[in-house]
Amino acid sequence: MIDIQKLLRPNIRKLKPYSSARDEYSGQEGIFLDANENTLGTLEKGVLNRYPDPYQRQLKQELQTIYNVDSANLFLGNGSDEALDLLIRAFCTPQKDKLLIMPPTYGMYSVAANINNVEIQKVPLSKDFQIQTKKVLQNVSDQTKIIMICSPNNPTANIFDPESIQKLLHRFKGIVVLDEAYVDFTKKQNGLEWLTDHKNLVVLRTFSKAWGMANIRLGMAFANQEIIEVLNKIKYPYNVNGLTIRKAQELLQKKSIKEQAVSTIIQEREKLKVALEKIEGIKTVFPSEANFLLARFKNARQLFEYLRDRNIIIRDRTREKHCQGCLRITIGTPEENIRLIEEINNFYNK
Ligand SMILES: Cc1ncc(COP(=O)(O)O)c(C=O)c1O
């Protein structure tokens, strides 16, 4: 049995959270003289002058239907990066506990661990970008509090074998964070289905990718109630602002826009892959379950600079583990993708 309370940092376990004015009364109507706001208001009186709901209850109600997960199992934050930082703060004692990552992967895991002065354990993916399950399990100790799994993985674009993820969930006695930022671009995985069986699983999702709302900074963490309560206890009181909540609700009324965008991006991804594969200077275009492609190029760094000089900005991943000669390309609009292919052709035909 996994005891979440035991896994927590001792100071977090004992923490008495800040009680905000809006914690004490959740009704909509009333004379609110409790939070030292400007009651007269300036712009959008009655809306912008008031603090937002600290627990974003209405938005969570709507998300609960979309994701088919109870709102008690949902945390909302300023991007999924906020949830990541809070999880490290909640479970890892600085200079004592460790976070395990599997490079090449999303760079923020290391940055968030470093900011929190938490040691990083690295167990690289295999050359075909899969989890080395045995090695991971051999490397974990009582100090390993969190394993980060990014699937679909950034920058490799593939999903991991579900059996490997399951194995880690069963055998590892700490917290498993499954970052599914790109999962809307694949039909092959849905980590939310594993939540009921695994008390130690946290699934991260975001509004920044398929939902097309990177600007509003809204991320989701799904987990058992005990973990969600901890995240709520340690977050800033009004961590998600009212404008963000409002824009997210507006979008949820028009869910089909997201579905259309995802379908176009997937079509464009496959078209771009075929077009890239025809270019001589390309060695490999890796299969993608995300909204980007990773490909291995001849003279990758020079190509990266050539494109940058022509105002086409892609991501140089050549220095990442197993990614020699690799560049990462976000799927653009159809017009942008045509321009990109033209310029790559120009580079190799110089
Ligand atoms: C794997 C992965 N997780 C999370 C994020 C960031 O998500 P958010 O914008 O919700 O902080 C990114 C952004 O690139 C990402 O690649």
Side-chain angles (χ1 to χ4, degrees), residues 1-24 54-56 70-102 105-123 136-150 168-179 191 194-204 219-240:
M1 264 303 275
I2 292 176
D3 185 343
I4 300 292
Q5 294 303 316
K6 256 200 179 146
L7 284 172
L8 284 172
R9 264 172 75 172
N11 62 314
I12 300 293
R13 195 184 311 133
K14 283 186 253 157
L15 182 80
K16 193 173 177 313
Y18 173 74
S19 163
S20 72
R22 294 296 131 82
D23 275 338
E24 285 163 28
Y55 302 108
Q56 313 92 25
D70 195 281
S71 59
N73 301 107
L74 171 59
F75 167 85
L76 295 179
N78 185 334
S80 48
D81 285 345
E82 184 187 357
L84 168 68
D85 178 59
L86 292 179
L87 286 162
I88 297 176
R89 277 202 260 163
F91 291 102
C92 302
T93 300
Q95 295 187 298
K96 177 171 174 262
D97 294 328
K98 298 173 187 175
L99 175 102
L100 191 145
I101 64 169
M102 299 180 262
T105 194
Y106 180 43
M108 268 308 286
Y109 307 151
S110 301
V111 174
N114 284 332
I115 290 169
N116 287 291
N117 205 4
V118 164
E119 192 180 319
I120 300 158
Q121 286 180 284
K122 292 182 184 170
V123 180
V136 171
L137 290 168
Q138 277 164 0
N139 272 276
V140 297
S141 68
D142 287 349
Q143 266 59 59
T144 312
K145 289 293 183 68
I146 299 177
I147 295 181
M148 292 302 309
I149 303 176
C150 186
L168 294 184
L169 280 168
H170 280 290
R171 306 262 177 89
F172 178 57
K173 299 299 171 211
I175 303 294
V176 175
V177 179
L178 176 60
D179 185 347
W194 298 327
L195 278 174
T196 39
D197 290 338
H198 300 284
K199 202 178 161 181
N200 58 337
L201 171 64
V202 181
V203 176
L204 300 183
M220 298 169 270
F222 296 89
N224 90 76
Q225 202 169 338
E226 221 176 330
I227 295 180
I228 298 299
E229 280 168 9
V230 174
L231 296 180
N232 280 332
K233 190 164 100 163
I234 65 176
K235 75 185 183 70
Y236 285 125
Y238 307 105
N239 62 326
V240 178

Minimum side-chain heavy-atom gap L7-K145 below 4.5 Å
yes
Are T105 and M102 close enough that some pair of their side-chain heavy atoms sits under 4.5 Å apart?
no
Identify which one of I88, L100, L84 satisfies the side chain to side chain contact (heavy atoms under 4.5 Å, CB included) criterion when paired with M148.
L84
Rounded to the nearest 0.5 angstrom, the OG-CD distance for S141 and Q121 is 5.5 Å
Test side-chain contact (heavy atoms from CB on, under 4.5 Å) on I227 and L87 and set out the steps.
CA-CA 9 Å; I227 295 180; L87 286 162; 4.2 Å; yes
So M1 and D3, side-chain contact (heavy atoms from CB on, under 4.5 Å) or not? Walk me through it.
CA-CA 6 Å; M1 264 303 275; D3 185 343; over 6 Å; no
Taken to the nearest 0.5 Å, the spacing of D97 CG from N117 CG works out to 11.5 Å
With the side chain counted from C-beta on, respond yes when Q95 and T93 share a heavy-atom pair under 4.5 Å apart, and no when they do not.
no
Is the backbone N or O of A223 less than 3.5 Å from a side-chain atom of N73, with the two atoms forming a donor-acceptor pair by type?
yes
Is the backbone N or O of P54 less than 3.5 Å from a side-chain atom of Q56, with the two atoms forming a donor-acceptor pair by type?
yes
Please report the interatomic distance CG(N200) to CD1(I2), rounded to the nearest 0.5 Å.
3.5 Å
Do the non-hydrogen side-chain atoms of K16 and K233 ever get within less than 4.5 Å of each other?
no
Is there a donor-acceptor contact under 3.5 Å from the side chain of K235 to the main chain of P237?
yes
Give every donor-acceptor pair under 3.5 Å between a side-chain atom in residues 170-178 and any protein atom, sequence neighbours left out.
from : atom 1 : to   : atom 2 : distance (Å)
K173 : NZ     : H170 : O      : 3.1

For A90 and I234, the nearest pair of non-hydrogen atoms, with its separation, is CB-CD1, 3.8 Å
Is the shortest heavy-atom distance from the side chain of Y109 to the side chain of C150 under 4.5 Å?
yes
Rounded distance [0.5 Å steps], CD1 in I147 versus CG in L137:
6.5 Å
With side chains defined as the heavy atoms from C-beta onward, is the minimum distance between D179 and I149 less than 4.5 Å?
no
Between the side chain of N224 and the main-chain N/O of K199, is any donor-acceptor distance below 3.5 Å?
yes
CD-CG distance between E82 and L204, expressed to the nearest 0.5 angstrom:
11.5 Å
Between the main-chain N or O of F91 and the side-chain N or O of R9, is there a donor-acceptor pair closer than 3.5 Å?
no
Pair Y106-D81, side chain to side chain donor-acceptor pair (under 3.5 Å): steps then yes or no:
CA-CA 11 Å; Y106 180 43; D81 285 345; 3.1 Å; yes
Taking N116 for its side chain and V118 for its backbone only, find out whether a donor-acceptor pair lies under 3.5 Å.
no
Could you give me the CA-CA distance, side-chain angles and deciding distance for K96 and E119, then say whether salt bridge (charged side-chain N to carboxylate O under 4.0 Å, His left out) is met?
CA-CA 8 Å; K96 177 171 174 262; E119 192 180 319; over 6 Å; no
Can you sort out the partners of E229 under salt bridge (charged side-chain N to carboxylate O under 4.0 Å, His left out), two or more places apart, ordered by chain and number?
none
More than 12 heavy atoms of other residues, nucleotides or ligands under 6.0 Å from CG of D197: yes or no?
yes
Side-chain contact, heavy-atom cut-off 4.5 Å: R13 with L15?
no
Steps toward side chain to side chain donor-acceptor pair (under 3.5 Å) verdict (N78, Y236)
CA-CA 10 Å; N78 185 334; Y236 285 125; over 6 Å; no
Rounded to the nearest 0.5 Å, what's the gap from CG on L74 to CZ on F222? Could you check?
5.0 Å
